[in-house]
Amino acid sequence: MAHLFAFSGACHSGKTTTMQALEKELTSLGYSVHIIGENMRGVLAEKNMSIDELRSDPGLYANTQCDIVYRKIQQEAYALRDRNPKSIYLIDRACTDSECYISLYVDMAKLSDETRKKIEKLKEDVAKHILKMFSSGYSCVFEFYPIEKVSNTFVCGARPTENFEELQSMEYDAISNANAYACSDVDNIHVLCTNIYTKGEINNNKILEKILLTIECNEAR
């Protein structure tokens, strides 16, 4: 079967950049590498909106979360059906990230009854998906520390501009706790890798070594 590696953590922590570097390395080793990207970035580009603008409309943000999270669930379900042992999926954000972003930024009190029901159903489906992915789906989840914003001119439409550091810290704490809980809930502590690099200094070689070792262990079972 294929090998699924999720890259989890707050905004601006180096996940996407690391995945792009690993894609080149793994491809050169003969693996068929597939990227499951962060769907929100594509949606923001389509709507020509920043994440701040999207979150300012509670109903639009909630419905957008429904669309992108269900899309991610479908993409991961497709990856699980891939039986090629030379296939590797690099996943930008684990399903626990999705759970946290729904809880942190969807304002249930400001939603219509119809949208509120959609979000409640989404939460149920995400909880079930987390159990599945952490028990038998993900080969490993790499949890990334936040990277500090290096200047006041730092701009990215997919990242908030107000209270950035506070939100980044809040997101990391929520995601880290969700990952730890997911592992303990399925009694699979080996799937989560939280100390693969020192804060702010990502070591791609160590992550690559962990990926290759995990594949070797999976194939030996």
Side-chain angles (χ1 to χ4, degrees), residues 4 6-21 23 33-79 89-130 133 144 146-175 178:
L4 281 62
F7 294 73
S8 176
C11 63
H12 190 49
S13 53
K15 300 182 299 297
T16 304
T17 302
T18 301
M19 287 171 54
Q20 291 170 346
E23 179 184 17
V33 183
H34 311 271
I35 298 289
I36 297 180
E38 184 182 4
N39 291 321
M40 179 60 82
R41 295 186 185 220
V43 170
L44 292 174
E46 291 171 6
K47 296 180 180 295
N48 194 27
M49 299 177 72
S50 70
I51 190 64
D52 290 327
E53 291 172 326
L54 184 61
R55 287 176 182 163
S56 69
D57 186 329
L60 179 60
Y61 181 73
N63 281 295
T64 299
Q65 279 290 350
C66 284
D67 292 341
I68 67 173
V69 174
Y70 278 123
R71 188 187 311 170
K72 176 64 73 70
I73 290 174
Q74 291 175 349
Q75 290 171 322
E76 292 187 342
Y78 174 85
Y89 289 80
L90 304 180
I91 304 169
D92 199 339
R93 296 199 173 282
C95 47
T96 39
D97 295 51
S98 298
E99 180 185 52
C100 289
Y101 275 84
I102 295 166
S103 298
L104 291 174
Y105 295 116
V106 173
D107 191 342
M108 298 291 281
K110 294 182 179 180
L111 302 181
S112 67
D113 290 342
E114 179 182 359
T115 303
R116 191 179 302 113
K117 290 178 181 177
K118 287 176 64 175
I119 292 296
E120 289 171 349
K121 179 64 166 57
L122 176 63
K123 288 181 177 180
E124 293 176 2
D125 291 339
V126 169
K128 293 176 183 176
H129 189 64
I130 288 173
M133 296 306 295
F144 281 57
I147 296 174
E148 293 181 3
K149 185 169 65 172
V150 295
S151 75
N152 292 329
T153 59
F154 170 86
V155 175
C156 175
R159 298 166 186 155
T161 56
E162 298 294 329
N163 304 314
F164 175 81
E165 288 83 0
E166 292 84 352
L167 292 177
Q168 188 185 40
S169 177
M170 179 181 68
E171 290 173 9
Y172 173 74
D173 288 343
I175 291 170

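Just so you know, these numbers come straight off a predicted model, no measurement behind them.
- How far CG of L90 is from OG1 of T16: 11.0 Å, rounded to the nearest 0.5 Å.
- Residues D97 and E38 have side chains not in contact (no heavy-atom distance under 4.5 Å, counting atoms from C-beta outward).
- V126 places a side-chain heavy atom less than 4.5 Å from the side chain of I130.
- Taking the six-membered ring where tryptophan is involved, the planes of F144 and F7 are tilted, since the angle between them lies from 30° to 60°.
- Here ring pair (Phe, Tyr, Trp, His ring centres under 6.0 Å) pairs that include residues 104-129, with residues two or more places apart or in two chains, are Y101-Y105.
- Here the shortest heavy-atom pairing between A178 and T96 reads O-CG2, 3.8 Å.
- Rounded to the nearest 0.5 angstrom, D125 CG and Y70 OH are separated by 3.5 Å.
- Across every non-hydrogen atom of A174 and C100, the tightest pair is O-SG, 3.3 Å.
- Of the inter-residue distances, the one linking Q20 atom CD with T17 atom OG1 reads 5.5 Å to the nearest 0.5 angstrom.
- Closest approach of I175 to A10, counting heavy atoms only: CD1-N, 4.0 Å.
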Handout entry: Worked verdict on Q65 versus Y61 for side chain to side chain donor-acceptor pair (under 3.5 Å)
Key = CA-CA 6 Å; Q65 279 290 350; Y61 181 73; 2.8 Å; yes
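- Between K72 and G37, the shortest heavy-atom contact is CE-O, 3.5 Å.
- In this structure, the side chains of V106 and L111 come closer than 4.5 Å at one or more pairs of heavy atoms.
- Side chains of I68 and R93 form no contact here, defined as non-hydrogen atoms less than 4.5 Å apart.
- Here the closest non-hydrogen pair linking S8 and K15 is C-CD, 3.6 Å.
- In plain terms, the two heavy atoms of Q75 and N39 that are nearest each other are OE1-ND2, 3.4 Å.
- Between C11 and F164, the closest side-chain pair of non-hydrogen atoms falls below 4.5 Å.
- Taken to the nearest 0.5 Å, the CG atom of N63 stands 4.5 Å off from the OG1 atom of T115.
- For the pair L60/L54, a side-chain contact is recorded, criterion being any heavy-atom separation below 4.5 Å from C-beta on.
- Rounding to the nearest 0.5 Å places CZ of R71 at 12.5 Å from CD1 of I73.
- Heavy-atom contacts from other residues, nucleotides or ligands closer than 6.0 Å to CD of E114 number 12 or fewer.
- You'll find the side chain of M40 reaches within 4.5 Å of the side chain of T64, heavy atoms only.
- With a 4.5 Å cut-off on side-chain heavy atoms, V69 and I102 count as touching.
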